[in-house]
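To start, the structure under review is shown below, and the notes come after it.
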Amino acid sequence: MRRSLVVGNWKMNGTLESAELLAKGIVAGLGSDIADIAICVPYVYLPNISALVKDSPLALGSQNVADKPLGAFTGEISAAMLKEFNCQYALVGHSERRSYYGDTNESVAARFCQAQEQNIIPVLCVGETLEQREQDQTFAVINEQLDAVINVAGIAAFNTAVIAYEPVWAIGTGKTASDEQAQEVHHYIRQYLAAKDQTIADKIQILYGGSAKPDNAKGLFAMPDIDGGLIGGASLDAESFLKIFHSI
Ligand code: 13P
């Protein structure tokens with residue numbers, strides 16, 4: 001039985017004050033240990049939030065990680081730096097990084113490996129655009145995004161990784177994938193991995209992301225291959241994020 005995981009992605013939102021309040025609110029409302037939970041906060045808030053969530057079940061993550069270990073890479077943050085602030089997770093390949101900041105499949109694979117070098121669990125984000133879905137390219141796009149990492153890191157690397165399926169057309173649009181649409185792709189991803197390693201496929205957590213909200217989380221999480229969520233907008237409010245978490 002896979003343990004579920006709910007991850008909040010705060011993106012570029014908040015102030016230090018609101019970030020601290022939000023983290024405190026989440027910790028206060030966690031209750032019993034029903035699943036894993038994490039928040040991916042803006043880099044500059046990591047020191048403060050790390051201190052706040054210490055000794056709580058709320059894990060910390062970053063929204064990206066450099067594709068190199070150290071050196072003259074202005075503006076980048078290395079996995080070793082993230083580790084210093086107790087990051088347990090790092091998102092890699094989020095569609096906003098891919099589309100606005102030029103993160104390629106190759107650099108995503110390098111970021112994935114850098115995270116693992118520091119024992120940070122990469123959350124590999126994959127997903128198709130609306131145009132790709134309409135042209136029946138969803139599975140081909142997912143194959144390509146997965147292969148880019150598998151070819152570099154090897155399938156065994158997925159022993160300590162999470163996958164997030166985030167259809168680009170559902171991110172921040174209020175247009176959630178239906179339970180069945182999401183399940184279809186999650187199942188596809190699991191089968192794709194199973195063809196390479198059944199044990200890893202059975203074990204890996206595959207999260208859904210894209211306009212997940214308190215009122216649709218339960219249906220999504222009830223699907224057999226959906227092991228939790230990567231939550232954007234609804235993770236910016238402690239009550240709604242906790243409602244989603246408690247929908248597991
Ligand atoms: P929304 O939940 O705001 O659609 O964002 C999803 C997302 O991109 C999480 O990484």
Side-chain angles (χ1 to χ4, degrees), residues 4-14 18-19 22-23 26 35-43 45-46 49 58-65 82 87-101 103 108 111-112 115 120-130 132-133 138 141-142 145 149 161-179 181-182 185-186 189 205-221 223 226-248:
S4 299
L5 168 66
V6 175
V7 180
N9 174 9
W10 291 1
K11 308 192 180 182
M12 195 175 73
N13 289 296
S18 72
L22 180 50
I26 296 167
D36 295 332
I37 182 164
I39 45 174
C40 294
V41 310
Y43 285 136
Y45 298 152
L46 284 170
I49 305 294
L58 180 58
L60 195 57
S62 63
Q63 297 173 14
N64 201 2
V65 56
L82 297 175
C87 273
Q88 293 176 44
Y89 296 93
L91 304 184
V92 298
H94 191 281
S95 72
E96 287 150 18
R97 297 295 323 170
R98 292 178 190 264
S99 60
Y100 305 147
Y101 301 101
D103 289 11
V108 170
R111 292 168 202 277
F112 181 104
I120 293 172
I121 298 172
V123 179
L124 172 63
C125 305
V126 298
E128 80 289 0
T129 62
L130 184 59
Q132 289 164 336
R133 173 163 281 262
T138 299
V141 169
I142 304 270
Q145 292 172 334
V149 179
V162 172
I163 294 175
Y165 168 57
E166 296 207 303
V168 179
W169 48 271
I171 295 177
T173 58
K175 221 178 176 192
T176 326
S178 68
D179 301 343
Q181 276 175 324
V185 181
H186 281 235
I189 293 171
Q205 292 163 319
I206 308 178
L207 314 183
Y208 169 79
S211 298
K213 308 281 177 214
D215 61 357
N216 58 29
K218 217 174 184 66
L220 287 161
F221 295 167
M223 293 287 129
I226 300 183
D227 306 311
L230 179 53
I231 319 297
S235 74
L236 295 173
D237 175 76
E239 196 185 326
S240 71
F241 187 54
L242 286 164
K243 268 194 195 144
I244 293 174
F245 176 63
H246 288 116
S247 304
I248 285 286

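One-based numbering, in listed order, for ligands and for the atoms of each.
Under a 4.0 Å criterion applied to the non-hydrogen atoms of Lys11, ligand 1 contributes the atoms 5 (O), 6 (C), 7 (C), 8 (O). Listed by number with element, the atoms of ligand 1 under 4.0 Å from a non-hydrogen atom of Leu230 are 9 (C), 10 (O). The contact set between ligand 1 and Glu166, taken as ligand atoms under 4.0 Å from a residue heavy atom, comprises 6 (C), 7 (C), 8 (O), 9 (C), 10 (O). Set against the non-hydrogen atoms of Gly210, the atoms of ligand 1 under 4.0 Å away are 4 (O), 6 (C).
Glu96 is listed as a side-chain neighbour of Ile171, based on a closest heavy-atom distance under 4.5 Å.
Remark: the backbone N or O of Val162 is not paired with any side-chain donor or acceptor of Gln205 at under 3.5 angstrom. Side-chain N or O atoms of Tyr89 include none that pairs as donor or acceptor with a backbone N or O of Leu91 at under 3.5 Å.
Shortest non-hydrogen contact noted between Val92 and Pro122 is CG2-CB, 4.3 Å.
Aromatic ring orientation, Tyr165 versus His186: perpendicular (interplanar angle above 60°, classes split at 30° and 60°).
With rounding to the nearest 0.5 Å, the separation of OG in Ser4 from CG in Asp36 is 8.5 Å.
Inspection of the His94 and Glu166 side chains reveals an N or O donor paired with an N or O acceptor under 3.5 Å.
The shortest N/O to N/O separation between Gly232 and ligand 1 falls below 3.5 Å. The shortest N or O to N or O distance between Thr173 and ligand 1 is not below 3.5 Å.
Within the 4.0 Å heavy-atom shell around ligand 1 one finds Ala170. Within the structure, ligand 1 lacks Ala234 among the residues with a heavy atom less than 4.0 angstrom away.
Residue, atom and distance of the protein heavy atom nearest to atom 3 (O) of ligand 1 are Gly233 N, 2.8 Å.
Contact annotation for Asn9 and ligand 1: only side-chain heavy atoms (C-beta onward) come within less than 4.0 Å of the ligand.
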